[in-house]
Each structure stands twice: as C-alpha cells, then as structure tokens.
Amino acid sequence: MALIVQKFGGSSVADRDRIFNVARIVANTHAAGNDVVVVVSAQGDTTDDLIAKAGEITHDPSQREMDMLLATGEQISISLLAMALGETGCPAISLTGWQAGFHTDRAYTRARIKNLDTERIESELSKNRVVVVAGFQGLNRYDDITTLGRGGSDTSAVAIAAALHADLCQIYTDVDGVYTADPRLVPRARKLDEITYDEMLELASLGAQVLNNRSVELAKKYSVNLEVRSSLTDLPGTIVKEVTDVEGMLIKGVAKDKDVAVISILEVPDVPGASFKVFSLMAQKKINVDIILQSSGKEGHKDVIFTVPLGDAETALALLEENRQRFGCRDIVVDKDVAKVSIVGAGMQSHSGVASRMFEALFEANINIRMISTSEIKISVLIAKADADRAVNAIHDAFLN
C-alpha cells in the first residue's frame, strides 16, 4: 500500500462530467489499496470571475478581503468532488486549507507556508477516507485566510506530499506532461519522459505554466517523487526528478513569459550604494526582480535597468518616483511591450555554442534582442512582445527539430 497525493487543476474539475472523471481516477487509486490525498483548484475560470466581481465593487480592494473572496473557489471544488466520490461509493471528506493544517505568513495574496500540521489529514486517512483538500489557501497567525498566489495549489500538493512522506505526488493537468514548448504554440513540441528538478524549476520560473515554480522548489528540497500527467487520458506523464540523462538532450525546453516589464533608471550617479538604494526598495515591497543590467560608468553616471512582473510595474514605478531624489537620476522609464524567451537544459553546461545557436535563430527570424541573462542551465533574452511567438518557434526549430 502506498500513500499518493493527487492534485487536479481548475480545468480538470471545470464541470460535472470532469468532476466525475476526477472522482473515477481517485476512486480507482484508492480501490487499488492506496491512501489518497487529493488537492483541488477552483473550477475553470472561477478565480478570474471572483476577481472580476471584486472589480465591480472597487478598483483598489483590500488584499485581506481578496483572500477571503478567492478562497471560496477551492471550497466549492472540494465539496463537489467529495460528493462525487461519495456517489461512486468511495469514502471521502473535504477539508479547507486551514482544516488541513496550513499555517502561513502574513503576506496576503502571496503567502508562504510556514508549517503544516498533518494531524487532521492523518486522522482521516486512518479511517480509510480519501481526503480532499482545498489548495492555494491557509491561515496566518491572526486566523485570517491567506492565499498562496497563482499556481498555489501545486505548492499545497507538494507540501502535503513532503510532510506525509508520500510515495508519489501526481500533478494532473489538461496536458499529458511537460513539453519542449507550449504545444498550442509550437505544433512540433515533444513530450518529455523525464526532466530534472532544476530544469523544471527554470522552465516554471520562465513562463512555462505546467507547474508552479514554488512547488518545484519544495519537491527538490524534500525529494518528492513528482509526476505531471493528464486527467483526460491514461497516458504516462513526465517524471520530475534529481538526475536525468544529461547527454540525451542539449535543450529540454523553450519558454516564453509576457508577464514582464522593464524599468530603466537613467543617469544615476556612479557612486557606491546606488544599486542598493534601488533594490532595497523593491525588496521591501516584495517585488521580484529578474534580469538586471547596469551600464558602465560614463561621465560620472550609469543606467540601472531591470525587469519585474508586469503586475508589479506600476507599484515599482510609484515607489521609485517617491524616492527619486535619493537616486539623483535624470529619468525613470517603464516599458511594458516586452517578453522574455528562454531556453533551458542541463546539457548546455558541457556544450559550447549554445548561445550562438540561439542568437543565430533570432537573427534569421529578424528579431532584435534587448537584454540577455544567463545561468548554468538557461539563457533568457528580452525581446518585443509582438515577436515572442515567432521567437519560440524559431528557437525550437534550431534546437529540437
């Protein structure tokens, strides 16, 4: 007998038929003699619909109240799935995030898990019940509901798998695994049989929407056996693990991210501490900064250029403008018409010429590169948003066809 955690995304429970399809998968897993914990997202576009409802009331909602509102989506899903399991003859009970023991920090809308008390989950498993848990949510020290941010149900599932030392954590989606690129954008994209934690983490962080990057971090940290597979077919999925055949594929995937903005702080005095003043402000507001470019000093000044998530651009700009005198800069400019396209692969550590081939593909497609960022297993370029889809296809053809 194994302990298996199964997570189902919003599209997998979008309507009655899909809920009963999920119930069939879960019931079969349980009938095979396994203990099963199921983590469920809100149905279909429920979260977006709830955000729209808040927008009908106010353009500047309290983050606390947004968490109170958005948490209701998962509660609908867990209760309906528990009912469907009951209809199939499979004993089940639904638990909210806080009933399941998720304790988080105070950061509304983007909370992080501080600890997970699994006593209630283990108690229900001992009664031979399937435990259906609301993903994406928890409770902070003030007993306020918090949410974990977009993709937080993945994080909830991996956290439970880690805390319970589960034998397997399966992430069910509407695609049958991790592909070399988005198959809706690149028809020639291929499904991967396996991928390393590090490669998956990079892809998730760079715009691939199969897994949430925080969930991959947790899986790597606690060596969770992770599988990505489809809830709509019985085909094998993609295994995410520590080591794969590095020599097998030079590049594992191409990802794009249009949720990017570039902030340029022009003609900052070229003195010690200038960059610290900028990025300490970003850190105070918990704004994630990605690519950073600083020009060499010229005539006593330099430019500091960096990227932030598109949704944080206005907040970052307002913060910088408030502190403009501290920087002594000439101007602060935001460009939202950009996209980040990246290649990821552990194999590039031992192969030369990878960057050259990527840049050649973009040159042949007549796509201009604005910024470049690299690590041991990824290369990212910033380009015009209108060129993003063409860039992904051109790079995929260069490496993976």
Side-chain angles (χ1 to χ4, degrees), residues 1-44 77-78 80-92 125 128-133 135 151 153-154 156-158 160-161 164 166-184 186-196 200 203-204 208-212 215-216 219 224-241 244-245 248 252-253:
M1 183 176 71
L3 172 57
I4 299 176
V5 177
Q6 297 178 320
K7 180 264 175 179
F8 294 89
S11 61
S12 297
V13 292
D15 54 35
R16 176 193 179 279
D17 289 343
R18 291 203 172 184
I19 288 174
F20 273 100
N21 177 60
V22 168
R24 176 187 59 80
I25 295 170
V26 174
N28 287 343
T29 306
H30 185 259
N34 301 300
D35 286 334
V36 185
V37 180
V38 185
V39 177
V40 188
S41 299
Q43 288 183 282
S77 296
I78 59 172
L80 292 176
L81 180 55
M83 292 175 194
L85 284 165
E87 287 295 298
T88 68
C90 179
L125 288 174
N128 196 37
R129 290 172 172 169
V130 169
V131 183
V132 185
V133 177
S153 292
D154 289 350
S156 299
V158 175
I160 290 173
L164 294 176
D167 298 282
L168 178 63
C169 181
Q170 297 176 311
I171 307 294
Y172 284 86
T173 71
D174 54 0
V175 295
D176 55 354
V178 180
Y179 278 72
T180 52
D182 186 341
R184 296 166 296 185
V186 182
R188 300 168 301 284
R190 308 198 303 268
K191 190 185 79 173
L192 300 168
D193 293 329
E194 56 184 32
I195 188 170
T196 68
M200 190 66 248
L203 283 172
Q209 298 178 353
V210 178
L211 279 175
N212 172 270
S215 70
V216 183
V224 173
N225 292 320
L226 199 59
E227 180 186 17
V228 181
R229 59 185 302 162
S230 172
S231 61
L232 306 178
T233 71
D234 291 327
L235 296 173
T238 299
I239 302 297
V240 186
K241 60 187 202 178
T244 67
D245 182 6
K252 285 290 180 69

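The side chain to side chain donor-acceptor pair (under 3.5 Å) test applied to Asp234 returns no partner, not counting sequence neighbours. Residues that satisfy the salt bridge (charged side-chain N to carboxylate O under 4.0 Å, His left out) test with Asp182, not counting sequence neighbours, are Arg184. For Arg24, there are no salt bridge (charged side-chain N to carboxylate O under 4.0 Å, His left out) partners two or more places apart in sequence or in a different chain. Remark: Arg18 pairs with no residue by the salt bridge (charged side-chain N to carboxylate O under 4.0 Å, His left out) rule, at least two apart or across chains. Legend: residues meeting side chain to side chain donor-acceptor pair (under 3.5 Å) with Arg16, ordered by chain and number and at least two apart, are absent.
Exactly one of Gln6, Lys241, Gln170, Glu194 qualifies for a side-chain contact (heavy atoms from CB on, under 4.5 Å) with Glu227. That residue is Gln170.
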- prompt: Under the side chain to side chain contact (heavy atoms under 4.5 Å, CB included) criterion, do Leu226 and Ile239 qualify, and how do the steps go?
  reply: CA-CA 6 Å; Leu226 199 59; Ile239 302 297; over 6 Å; no

message: Please determine whether side chain to side chain contact (heavy atoms under 4.5 Å, CB included) holds for the pair Leu85 and His30, giving the CA-CA distance in whole Å, both sets of side-chain angles, and the decisive distance to 0.1 Å.
response: CA-CA 11 Å; Leu85 284 165; His30 185 259; over 6 Å; no

- prompt: Going through the distances and angles, do Ile195 and Leu203 end up as a side chain to side chain contact (heavy atoms under 4.5 Å, CB included)?
  reply: CA-CA 10 Å; Ile195 188 170; Leu203 283 172; 3.6 Å; yes

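Separation of atoms OG (Ser230) and CG (Leu235) is listed at 7.5 Å; rounding is to 0.5 Å. In this structure, CG on Asp174 lies 13.0 Å from CZ on Phe8, to the nearest 0.5 angstrom.
Salt bridge absent: Arg229 and Asp176 never bring a charged side-chain N and a carboxylate O closer than 4.0 Å.
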What side-chain donor-acceptor pairs closer than 3.5 Å can you find for residues 33-41, not counting sequence neighbours?
from  : atom 1 : to     : atom 2 : distance (Å)
Asn34 : OD1    : Ala2   : N      : 3.2
Asn34 : ND2    : Thr29  : O      : 2.9
Ser41 : OG     : Ser153 : OG     : 3.1

